[in-house]
Each structure stands twice: as structure tokens, then as C-alpha cells.
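The block underneath contains the structure these notes are about, expressed in C-alpha cells.
Order of the sequence lines sets the chain letters (A, B, ...), proteins ahead of strands, with each chain counted from 1.
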There are 4 protein chains.
Amino acid sequence: MGSDKILENKRIKMTKLYDAAYDLFTSNGVRNTVIDDIVKSAGVAKGTFYLYCKDKYDLVDKIILKKSAAVLSSAMETVEQEEAAHHFDFQQCVACFVDYMIEYFKKDTKLLELIYKNLTFELYEKMMNYEEMDSAREAFISNFINTGVNNQTAQHRLYIIVSMVGAVCYNSLVLKVPYQIDAVKPELYHSIKRILS
Amino acid sequence: MGSDKILENKRIKMTKLYDAAYDLFTSNGVRNTVIDDIVKSAGVAKGTFYLYCKDKYDLVDKIILKKSAAVLSSAMETVEQEEAAHHFDFQQCVACFVDYMIEYFKKDTKLLELIYKNLTFELYEKMMNYEEMDSAREAFISNFINTGVNNQTAQHRLYIIVSMVGAVCYNSLVLKVPYQIDAVKPELYHSIKRILS
Amino acid sequence: MGSDKILENKRIKMTKLYDAAYDLFTSNGVRNTVIDDIVKSAGVAKGTFYLYCKDKYDLVDKIILKKSAAVLSSAMETVEQEEAAHHFDFQQCVACFVDYMIEYFKKDTKLLELIYKNLTFELYEKMMNYEEMDSAREAFISNFINTGVNNQTAQHRLYIIVSMVGAVCYNSLVLKVPYQIDAVKPELYHSIKRILS
Amino acid sequence: MGSDKILENKRIKMTKLYDAAYDLFTSNGVRNTVIDDIVKSAGVAKGTFYLYCKDKYDLVDKIILKKSAAVLSSAMETVEQEEAAHHFDFQQCVACFVDYMIEYFKKDTKLLELIYKNLTFELYEKMMNYEEMDSAREAFISNFINTGVNNQTAQHRLYIIVSMVGAVCYNSLVLKVPYQIDAVKPELYHSIKRILS
DNA sequence: CATGAATGAGACTTCATTCAT
DNA sequence: TATGAATGAAGTCTCATTCAT
């Protein structure tokens, strides 16, 4: 059917825009990227941009949402595989997850920067309503509760850990504080373990 | 002397610009503030702006640096006073410091947001070279070492704690994650204690 | 026959476009109405618009032409009925016609505005070539001549009266000059009478 | 003083913009004139345009206001001179005024078109608040009352005459109706006389 | 030093029109 | 015929920066 081809075409245009914008945003920063750069790089007309996005920052949001969900998904998948393969307990699962994240962002520092620098209240809310987010949190929380802590405490501790790991990654990888991520990693895992136990 | 008056005049202009810009940056965001807004609000001419700052982002950096140093100084002062008054041990000093910070940023969320959103590698480096920063770190590290951990570990753990507290504050106060800062505070202090011990 | 249905379909599309455009033009003005508004409001595709109209201004012209002819026709019909019913003389016929027009445009100020604001030389010429226009003019002129003035003078006076009434209506109803149409009506009729006699 | 030079410079820029825009608006129409045309023709930078005008239509309004006031002023001046020189009575003054207007707009049809096509309710209100407007109206009204009609009637009749003359001029000169202004002029003066007496 | 009018590059956005489906 | 995604020229407007006063 004809409409299939049209839909496929639309998908291609979107993808082109997303990919071009992602490259430009991470290479040159959002501020230094103008719509013209994006459309030229994507090989589409300027009007096409406005067919898919309200403005530059709308596209930033969309990209962050998409990329974050993808990273989270593959992290969770990895944890599940490892858990099944090595009969990981909860602490090991958390460590595995954290490790996946650190290793991922070591390779893609620019994405981490993009996410942090452009995370707003509104975007955060949207993120939290993503299915991937919710199921990931549920998985951890339920396992946490199994270790004996109450639900509320579990949620708070998990939140603290996520905040801590995120901040350490960001500081070490993006702000390039004197401490390299690999150097603080042992203490980071140590801290997680202490918080969890 | 005449040059005193000139210097005083310069200081006044500078302060006007800082104050006006700070209000605008925190109310409307850096992106939505243009030089014209700043000079109008400060009551100086546009050209005058360029006598004192390279551009908008230069002013942002200067404001963050100034405000951060002020907050840090008064935090350290408070800790010292409390330490002297109640014979605090190291853990209590850290808790006191963290508490001061949380309470401060609860009242001035916008400053926290300004700092986090505009912290760059370059600015971070400048911050670290500030005397206040250094003496504060030294104070904590030396105390930390007294508890028996080695220097390197002490530095890493302190770094993790600072990152953790900063991130939790930012998330709770700025991103307004589901967990209110007062609600997670107990677990935050618990986590700090566990990391320190 | 199939072609009947096709023609009927075309007529429906056309009508939808006319009606939607008329509403938008009169509500928001021609300048603030874009083709997209029209086709969305009409429920047809953008491409369809170009099957029926050259551009936005072509549609404006068509609408003005259609609406003007309709108003004029019903005005003339009314005059004829009243003339037959009450044995009106020429002055009474003119007054009746003017009254119909005023009352009509009082209820549909927006149409009056649309016509006046978008009346061009070209459109005016097309209007004058409409059968309704011509027969209306002929009717008045022949009656006018019967009152004793020569053809040329009759034409000029009629033209002056029509201009005057149109302008007074437009000024009072659209530009909302300090004088309300009902307040100036007596003087308007008085003026017409003086010009005619 | 230095500020004199600056003020003079500002006046020159404004005048350049007004003159360039007036020429373009009257030659090519408002719709077909873009800001770029205006600033290029005026020899100023694009930003300068926005220093003086909100947008294109704001400039149209300003030009109409300025030109209208100028025409009205010189018309009034002429009437006063003629009145003093030939001991004109009221009817003769009105005829003189109308004549001045007709002759003026015959030479500058484009200005008449610009005014009529772009006269809005808001602009009309502003015009009415102009001193020139008011004093001109007062002059006519007071003379009219001297002929014995009451104030209200005088105002309405004057309003009808102005509307009528304006419309006849516009139709004859801009819409180029079959009747040339010089051909209808006798009947126009006849009509005015009849309305006034 | 201080001013603020002028600049103009360049950002953003619209929208009439086309054309493959 | 009808569609509506895609186009990109053309437009509006902003705003950092300069420089004559």
C-alpha cells in the first residue's frame, strides 16, 4: 500500500534529523548548533524540521528521551542476563547495573553531558512516565524490599544511589574533576554496598 | 583622592550589573536573559556592560564564582562555630556542613539551579583554585585522615559524599523528583555516616 | 450518471472552501488567514485548494463577488415587492433600497468590511459586469430619468448617492466613527432626498 | 552640543525610513513591500528599522498619520487664505476645502489609496485625536452653526459630506469607476450645496 | 569612563506551492 | 480527483557588539 511507503519515508526523515542533531549537539553543544546546521547535515529542507519539532529545544528533549530509554533498556537487559547466568543477588545486580552505566557513559561521555545539561523539570517528568523507567524502578525496589527494608526506605536509598552514581559519573567524565572515574570506582562500589546493607 | 572615587564608582557599576544579572538569571534563566535586560535593569548603558564583562556567559561565571565562595565561606564559618561550641567530632562536622548547605539551598533553589546548569569544566577548575575551596577541602581531608583512612581514600570518599549531597539537593529541589528533600534527609545522613565509617 | 455525482462532489468541496474561508476572513481578517487554516477548517487537503483557486486572494474575490450579488439581488427583490405593494415613487424606492442595505450590513458588518477592504480595480470591474449589477443600475437610472434629469446627470447623482451611503455605512459600522448609523440615518435620507430632487 | 548631533542623526534616519517606505508602499503596495526593500532603499541597517517601528504595519500607520496631518494642514491654510482674500462665505469655504482635497489627491492618487486601504479603527481613532483634525472640525462646525442649523445636525451633515467626498474621490481616482472625478465634480458640488442649504 | 544609536549577521519561522502517491 | 508530506525561498526579528559622541 502507498501509505506504507509514506510512513516509511516519514520515519526516515525523522531518523535523519535525530541522528544529525545528535551528532551536532554532542560535538558542538546545543547552543552552538543552529537549525540550519541540523537540516543541512540531515539533508532535509528547513521546513521539514518544523514538521517534526516545535523548536531546537524540543528536539533536544526528544533525543534525550529516546537515548535515555535505549540505554536504560539495554542496561536492564544486561542485568537480567547476568542475573540469570550467575545467580546474582540484589547487591550484585545493582553493582552490575551501575557498572553497565559507567562503562556506557565512559564511551559516550557526550551523551551524559547532553542529558545532564538539558534535563529540566518538564523533561524529567516525561522521562519518569516512560514504561522502561517505571519497570526498571519496580524491579529494583521489589528486590530491595526482599532484603528487609521497608518500601519507603528502599525508594529513598535507591534514589540516593542513583543520584550519587549519576553525579560521580558526571563530575568525573564531564567536569573532569581531579578524580578519574576508574580511580573512584572502588570507593563508589564500597559506598553503594554500605548504603544497601 | 580622585582615583578612589573612580574606583568606588567602578565597584558600584559592577555591583549593579551583578545584582541585576543575578536576579534575571535566576528568575528567567540565562537563556532568556539578554544583555539589554541586564543593563536596563542595572540602570547602566549597554556599552558599559562591555567595560566589565566579555559577554553574558562571562558574567554568569563571575556570579557563580562569587556566590559559591560566599556560601561556602559562611558554611565553613558555621561549622567552625558549632564545632567549637559543641565539641563536634568529624562526622558531626560533616553533618553540620551538609545541613547548612541543604537549608541554604532550600531557601535559594534558584542559585543551586544556576550553579548546576552553568557549571562547566573551565568554571569548575577556577572554583577549585579558590582559596576558600582549598582550605575547606583541606580541613575536611585532614580530619578524615584522623579517623584512620588513608589520604587517597579520604579524598575519594569526600568527593563521593559531596557529589551525592549535591545531586540529591539538585534533584529534590530543582528537578522536584517525587522525593522531597526533608523526606530523604534521614536516609541521606544515614548514607553519609555509612560512607564515612 | 457518474459525472453528475462527480460534479456534485466538486460543488460540495467548493462550498466547503467558500464557507470556511468566509468565516475565517470575516473573523480574523484576510491577512491573518493562511491557506492551511482554510483547508483545515473546510476539511479538505491542501492540494485540493489549488484545484479550485489560484491563491488566497482569488478566493477573496470570488467570495466578495458571490456575496455581493446575493445581497444586491435580495435588495432589489425587496424593493420590487414594496414598490408593487405600496405604489412607491422613485424617491421611496431609493430610500427602501438604502434602508435594506443599511439594515443588512448592520447585521453583517464583517461582510461590509471584507468587501471594502478588498475591493480592487479589477474586482470592481468584474462586479460591474455582473448581470444583477447592471439590471439594478438600469432600473434606477430609468426611473431617475423619469423625474426629468438627463441621463448623464442621473448617472452621476446615483453614483454620488451610492458612494455616500456606502461610505457612511462603512465609517459608522466598521471604523466606528463617533456617529452611529442610526443617529445619522435621518440626515442621510435628508441628503439623498435633496440630491434627488 | 553632542546630543544635538545625535538627535539630528536620529531624525535623518527616521526621515530616510519614512520616505523610502512611502515610495515603496505607494509604488508596489504594502503587501508587496518587505522590510528588506525598505531598509535597502533607505540605506540603513535592518536593525535600525526595528529601532523606530514595531513592524511594517506600524510604519504604514505612522506614515498615514503624518501625511494626513500634512495634507489637512495645508488644506486648512489654503481655505483661510482664500477666505481672507475673497470674503468667502461658509459654502464657499467648504467648496474651497473640497476642491483643495480633490486637486491634491488627483496629483497623489497613491496616497489616497494608501490611506483608505489601511485605515483601521485604531488608526482612525489616533487620527481623530490629532490637533489638526480637531481644530479643522471645530472651524467648520462653528461656521456651520452660524448658518442656523443646530450643532448635532451640523456635525452629521459635515460627516456625510466628508464621507461622500472621500468615497467619490476614492472610487473615481483609485477604483477608476466609469465616472472621472472632473466629470462628477459639478454634481458633487451641487450635492454639497444641497446638503448644506 | 560612559553612553546608546546603529549595525548586520544570522537566527528562527512561515507558508504558498508542488508532486509522488 | 484528492491527498498531505516536503520543500525552500522569503520573510520577520533578535541581539551581541561596535564606536562616535
Side-chain angles (χ1 to χ4, degrees), chain A residues 1-14 31-40 43-57, chain B residues 3 5-7 9-10 13 33-40 43-58, chain C residues 3 5-7 9-10 13 33-40 43-58, chain D residues 1-14 31-40 43-57:
Chain A
M1 241 176 80
S3 96
D4 275 11
K5 201 166 179 183
I6 288 170
L7 252 68
E8 175 62 12
N9 254 325
K10 279 183 74 166
R11 217 193 44 72
I12 290 170
K13 295 266 148 143
M14 278 242 60
R31 215 159 70 202
N32 302 316
T33 303
V34 297
I35 312 272
D36 229 53
D37 298 338
I38 299 171
V39 296
K40 257 175 204 150
V44 302
K46 215 184 265 184
T48 308
F49 178 91
Y50 290 95
L51 228 47
Y52 294 102
C53 310
K54 206 178 72 59
D55 56 29
K56 188 170 73 172
Y57 300 100
Chain B
S3 95
K5 204 169 176 184
I6 287 169
L7 274 159
N9 251 326
K10 277 188 70 168
K13 285 257 152 80
T33 303
V34 297
I35 311 259
D36 225 55
D37 297 336
I38 299 170
V39 296
K40 256 176 203 149
V44 302
K46 223 175 192 175
T48 309
F49 179 92
Y50 291 94
L51 297 175
Y52 294 100
C53 310
K54 203 175 75 58
D55 58 25
K56 185 170 75 171
Y57 300 100
D58 179 40
Chain C
S3 96
K5 206 168 173 182
I6 288 170
L7 273 161
N9 251 325
K10 277 187 71 169
K13 285 257 151 81
T33 302
V34 297
I35 310 260
D36 226 54
D37 297 336
I38 299 170
V39 295
K40 256 177 202 147
V44 303
K46 224 176 192 174
T48 308
F49 178 92
Y50 290 93
L51 296 175
Y52 294 99
C53 310
K54 203 176 76 60
D55 58 25
K56 186 169 74 171
Y57 300 99
D58 178 40
Chain D
M1 240 175 79
S3 96
D4 274 10
K5 201 166 179 180
I6 289 170
L7 251 67
E8 175 61 12
N9 255 325
K10 279 183 75 166
R11 214 191 46 71
I12 290 170
K13 294 267 148 146
M14 278 242 60
R31 214 160 72 203
N32 301 316
T33 303
V34 296
I35 312 273
D36 230 53
D37 298 337
I38 298 170
V39 295
K40 255 175 207 151
V44 303
K46 215 184 265 185
T48 308
F49 177 91
Y50 290 96
L51 228 47
Y52 294 101
C53 311
K54 207 178 71 59
D55 57 28
K56 188 171 71 174
Y57 299 100

For this session: In whole angstrom, give the distance that lies between atom NZ of D:Lys5 and atom P of F:dC19.
Result: 17 Å
Exercise. Separation of D:Glu8 atom CD from F:dT21 atom C1', in whole Å?
Worked result: 15 Å
For this session: Pick base, sugar-phosphate or nothing for B:Lys40, based on heavy-atom distances below 4.0 Å to the nucleic acid.
Result: nothing
For this session: Take A:Glu8 and A:Lys5, measure what side chain to side chain contact (heavy atoms under 4.5 Å, CB included) needs, and give me the verdict at the end.
Result: CA-CA 5 Å; A:Glu8 175 62 12; A:Lys5 201 166 179 183; 5.6 Å; no
Seminar exercise, completed: Taken to the nearest whole Å, NZ/C:Lys56 to C1'/E:dT17 is 14 Å
Run the side-chain donor-acceptor check on residues 48-55 of chain D: report pairs under 3.5 Å with partners two or more places apart or on a different chain.
residue, atom, partner, partner atom, Å
D:Thr48, OG1, D:Ala45, O, 3.4
D:Asp55, OD1, D:Tyr57, N, 3.1
D:Asp55, OD1, D:Asp58, N, 3.0

Exercise. In whole Å, what is the span from the CG atom of A:Asn32 to the P atom of E:dG10?
Worked result: 14 Å
Problem set entry | Between CE on residue A:Met14 and CD1 on residue A:Ile12, distance to nearest 0.5 Å | 12.5 Å
Exercise. Between A:Lys56 and A:Arg31, what is the shortest heavy-atom contact and its length?
Worked result: NZ-O, 3.8 Å
Problem set entry | Touch class at under 4.0 angstrom, heavy-atom based, for B:Asp55 against every strand present | sugar-phosphate
Problem set entry | Gap between atoms CD1 and P, on C:Ile38 and E:dC15 respectively (whole Å) | 12 Å
Problem set entry | Nearest-angstrom distance from the residue atom CD1 of A:Ile12 to P of F:dT7 | 12 Å
Exercise. Given side chains that start at C-beta, do those of C:Lys10 and C:Lys13 come closer than 4.5 Å, heavy atoms only?
Worked result: no
Exercise. Can you give one letter per nucleotide of nucleotides 3-9 of chain E, 5' to 3': B if a protein heavy atom sits under 4.0 Å from the base, S if only from the sugar-phosphate, - if neither?
Worked result: BBSBBB-
Seminar exercise, completed: Of A:Asp37 and C:Val34, the one whose closest nucleotide on DNA chain E sits nearer the 5' end is A:Asp37
Exercise. Given that A:Tyr57 and C:Ile35 both sit by DNA chain E, which one's nearest nucleotide is further toward the 5' end?
Worked result: A:Tyr57
Exercise. In what stems does DNA chain E take part, counting only runs of at least 3 consecutive Watson-Crick or G-U pairs whose two distances fall under 3.5 Å?
Worked result: E:2-21 with F:2-21
Exercise. So, for A:Asp37 and A:Asn32, which heavy atoms are closest and what is the spacing to 0.1 Å?
Worked result: OD2-O, 3.8 Å
For this session: Specify the separation, in whole Å, of atom CG of B:Asp36 and atom C1' of F:dC13.
Result: 14 Å
